[in-house]
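Notes follow once the structure below has been shown.
When a ligand or atom number is given, it counts from 1 through the structure's own listing order. Not measured: the values here are computed from a predicted model.
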Amino acid sequence: MEEENIRHGERPRDIVHPGSAGQQLYQSLYKFASFPEAIIDAHTNEVISYAQIFETSCRLAVSIEQYGLNENNVVGVCSENNINFFNPVLAALYLGIPVATSNDMYTDGELTGHLNISKPTIMFSSKKALPLILRVQQNLSFIKKVVVIDSMYDINGVECVSTFVARYTDHTFDPLSFTPKDFDPLEKIALIMSSSGTTGLPKGVVLSHRSLTIRFVHSRDPIYGTRTVPQTSILSLVPFHHAFGMFTTLSYFVVGLKVVMLKKFEGALFLKTIQNYKIPTIVVAPPVMVFLAKSPLVDQYDLSSLTEVATGGAPLGKDVAEAVAKRLKLPGIIQGYGLTETCCAVMITPHNAVKTGSTGRPLPYIKAKVLDNATGKALGPGERGEICFQSEMIMKGYYNNPEATIDTIDKDGWLHSGDIGYYDEDGNFFIVDRLKELIKYKGYQVAPAELENLLLQHPSIADAGVTGVPDEFGGQLPAACVVLESGKTLTEKEVQDFIAAQVTPTKHLRGGVVFVDSIPKGPTGKLIRKELREIFAQRAPKS
Ligand SMILES: Nc1ncnc2c1ncn2[C@@H]1O[C@H](COS(=O)(=O)NC(=O)c2csc(-c3nc4ccc(O)cc4s3)n2)[C@@H](O)[C@H]1O
């Protein structure tokens with residue numbers, strides 16, 4: 001007998017297709033091979049077609065296999081949003097070789113720590129990320145090969161894709177001579193993505209091929225998919241190396257969409273792109289929604305092509321959602337909610353019942369519940385608790401980290417999100433707080449433990465606690481409480497500069513630094529993060 005108050009996703013309008021994500025993507029790329037535009041770089045207007053992605057990814061698959069990799073290896077990809085980003089990703093998925101993506105904005109220290117989790121044998125890098133990759137490779141013996149994904153020529157002896165594949169496939173190569181491997185999609189690792197989860201340092205989230213194929217069902221769904229008509233344009237501003245950008249974009253290939261890509265947010269270019277490409281759908285993180293709600297620039301462009309705005313990855317204020325819908329003359333804003341640990345969105349506002357402020361309803365093949373952690377019971381409508389999910393879409397666990405896995409997925413297979421929320425009588429969910437310590441700045445994860453460890457390495461710092469302070473544009477700004485060693489002095493800027501020199505820009509201490517006599521801790525020495533937040537809440541507003 002199933003416990004009560006379990007919220008099931010709607011009856012699926014489509015089955016989970018058989019086979020691996022690699023096989024389904026291969027079939028889709030072949031099916032849409034006549035489409036001239038798969039990804040367009042809106043900065044340069046460079047284009048890659050479905051046929052080009054199909055051929056290059058098949059050549060890479062043959063070459064990676066003949067180079068000697070197998071399912072016990074990992075393929076690494078480190079690049080900014082790039083029209084060539086998915087070629088090695090698809091190749092590895094065809095072969096059943098796990099893919100691990102890295103943020104191209106990482107510092108050497110961050111990337112070294114990150115790569116030591118998944119230990120990739122081959123790193124596929126953009127030109128821009130190449131200096132970073134070559135620096136960290138010097139200390140990482142498991143990286144045997146680096147290949148540049150977006151150059152026609154080798155760079156200082158580092159092979160480009162054309163050189164790499166020419167060694168194993170000649171001009172007579174026929175992509176149809178290659179077929180993706182057969183394996184159990186439930187068992188085979190598709191990707192290892194970075195997330196700090198509910199606590200501690202960034203970990204490797206293990207997602208199976210089944211996770212992706214369930215996402216593909218959602219993307220084909222007319223009620224929950226962003227677009228389902230092939231060659232419809234969609235403007236994506238989410239990073240491909242992050243789960244949000246990775247799994248939405250892979251699922252766009254399954255539907256045959258035209259992905260208009262931006263590498264980073266620049267207001268005027270963003271608006272000009274919508275106008276010039278007559279974009280009907282945009283997928284953005286909440287900070288861009290604040291821009292759309294408030295920027296005077298918006299009135300200077302013809303955005304009449306926009307019929308759908310989708311967002312997610314961080315909280316979106318109801319007032320911002322209403323302001324954007326009103327300004328762009330839309331019936332409502334499509335909001336999705338997901339975790340790296342759930343692969344992609346597990347809740348999305350249904351197009352035929354958009355409820356402003358809600359992060360949506362559980363999707364097909366997803367079960368959700370609101371858990372009262374005190375009683376272990378699933379709560380009813382309107383009652384607040386921790387939102388949990390059960391589905392074949394959720395992660396298999398954290399890579400080589402059984403303890404962190406057990407802390408997140410319970411014995412009944414429920415994934416504990418670390419988010420506090422409720423659902424209404426119609427099953428629309430609302431996120432109201434975060435139980436976990438994770439900070440999200442502009443949709444990017446900031447693990448307090450990572451910054452605390454760095455702060456404690458400073459010779460003048462005796463103790464530190466990091467939290468997120470609310471911010472209209474960024475969502476949360478990383479901020480630190482610092483206890484100085486006796487007799488030592490530091491300014492706020494010195495502490496901020498110390499951190500800024502070691503981490504990617506999204507982790508900088510934009511929320512400030514407060515010097516305190518002690519860090520609030522419980523009897524077991526565990527940080528009391530609620531009290532950290534209160535220290536900043538009581539801080540006088542900056543002039
Ligand atoms: N909509 C939301 N509202 C409030 N909070 C949200 C949220 N989405 C993620 N979060 C927060 O980010 C945390 C997870 O962060 S994370 O690990 O970096 N992962 C993510 O943020 C993540 C992974 S996939 C994904 C999305 N996929 C989508 C597909 C279609 C669509 O229309 C919208 C979305 S959002 N988001 C959550 O636990 C929660 O705290």
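- Nearest to atom 22 (C) of ligand 1 among the protein's heavy atoms is Gly338 O, 3.4 Å.
- Ligand 1 has an N or O atom lying under 3.5 Å from an N or O atom of Arg434, backbone or side chain.
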Identify every side-chain donor-acceptor pair in residues 277-285 under 3.5 Å, counting partners at least two apart or on other chains, and give the distances.
| residue | atom | partner | partner atom | Å |
| --- | --- | --- | --- | --- |
| Tyr277 | OH | Asn45 | OD1 | 2.5 |
| Thr281 | OG1 | Arg227 | NE | 2.5 |
| Thr281 | OG1 | Arg227 | NH2 | 3.3 |
| Thr281 | OG1 | Glu308 | OE1 | 3.0 |

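- Within the 4.0 Å heavy-atom criterion, the part of Thr248 lying near ligand 1 is the side chain and not the backbone.
- Closest to atom 27 (N) of ligand 1 by heavy atom, among Ala345, Ala243, Gly475, Gly421, is Ala345.
- Residue contacts with ligand 1: Gln335 is placed with a nitrogen or oxygen under 3.5 Å of a nitrogen or oxygen of the ligand (distance criterion only).
- The shortest contact between atom 19 (N) of ligand 1 and any protein heavy atom is with Thr340 N, 3.2 Å.
- A salt bridge links Lys128 with Asp104: at least one charged nitrogen is closer than 4.0 Å to a carboxylate oxygen.
- Some N or O of Gly336 is nearer than 3.5 Å to an N or O of ligand 1, by distance alone.
- The single protein non-hydrogen atom nearest to atom 40 (O) of ligand 1 is Asp419 OD1, 2.7 Å, given as residue, atom name and distance.
- A salt bridge is defined here as a Lys NZ or Arg NE, NH1 or NH2 lying under 4.0 Å from an Asp or Glu carboxylate O, and Glu3 with Lys369 meets this definition.
- Looking at every heavy atom in both residues, Leu207 comes nearest to Met393 through CD2-O, 4.3 Å.
- Electrostatic pairing of Asp426 and Arg361 does not count as a salt bridge here, judged by no charged N lying under 4.0 Å from a carboxylate O.
- Atoms of ligand 1 found under 4.0 Å from any heavy atom of Cys344 (numbered from 1 in listed order, with element): 24 (S), 27 (N), 29 (C).
- Within the structure, the closest approach of Thr311 to ligand 1 falls below 4.0 Å when heavy atoms are considered.
- Looking only at distances, a side-chain donor or acceptor of Lys203 sits under 3.5 Å from a matching main-chain atom of Leu201.
- A salt bridge links Glu10 with Arg13: at least one charged nitrogen is closer than 4.0 Å to a carboxylate oxygen.
- The side chain to side chain donor-acceptor pair (under 3.5 Å) check on Ser305 picks up nothing, with sequence neighbours excluded.
- For atom 23 (C) of ligand 1, the closest non-hydrogen atom on the protein side is Leu339 C, 3.5 Å.
- Between the side chains of Glu392 and Ser211, not a single donor N or O lies within less than 3.5 Å of an accepting N or O.
- In terms of protein heavy-atom proximity, atom 2 (C) of ligand 1 is closest to Ala314 O, 3.5 Å.
- Ligand 1 has no nitrogen or oxygen under 3.5 angstrom from a nitrogen or oxygen of Arg215.
- For atom 8 (N) of ligand 1, the nearest protein heavy atom (residue, atom name, distance) is Gly313 N, 3.1 Å.
- Ion pairing of Glu187 with Lys396 is present here, as a side-chain N (NZ or NE/NH1/NH2) and a carboxylate O approach within less than 4.0 Å.
- Shortest contact from atom 13 (C) of ligand 1 to any protein heavy atom: Lys440 CD, 3.8 Å.
- Salt bridge annotation for Glu452-Arg529: present, with a cationic side-chain nitrogen under 4.0 angstrom from a carboxylate oxygen.
- Close approach to Thr359 involves these atoms of ligand 1, each under 4.0 Å from a residue heavy atom: 1 (N), 2 (C), 3 (N).
- Residue-ligand proximity: Met347 is placed with every non-hydrogen atom at 4.0 Å or more from ligand 1.
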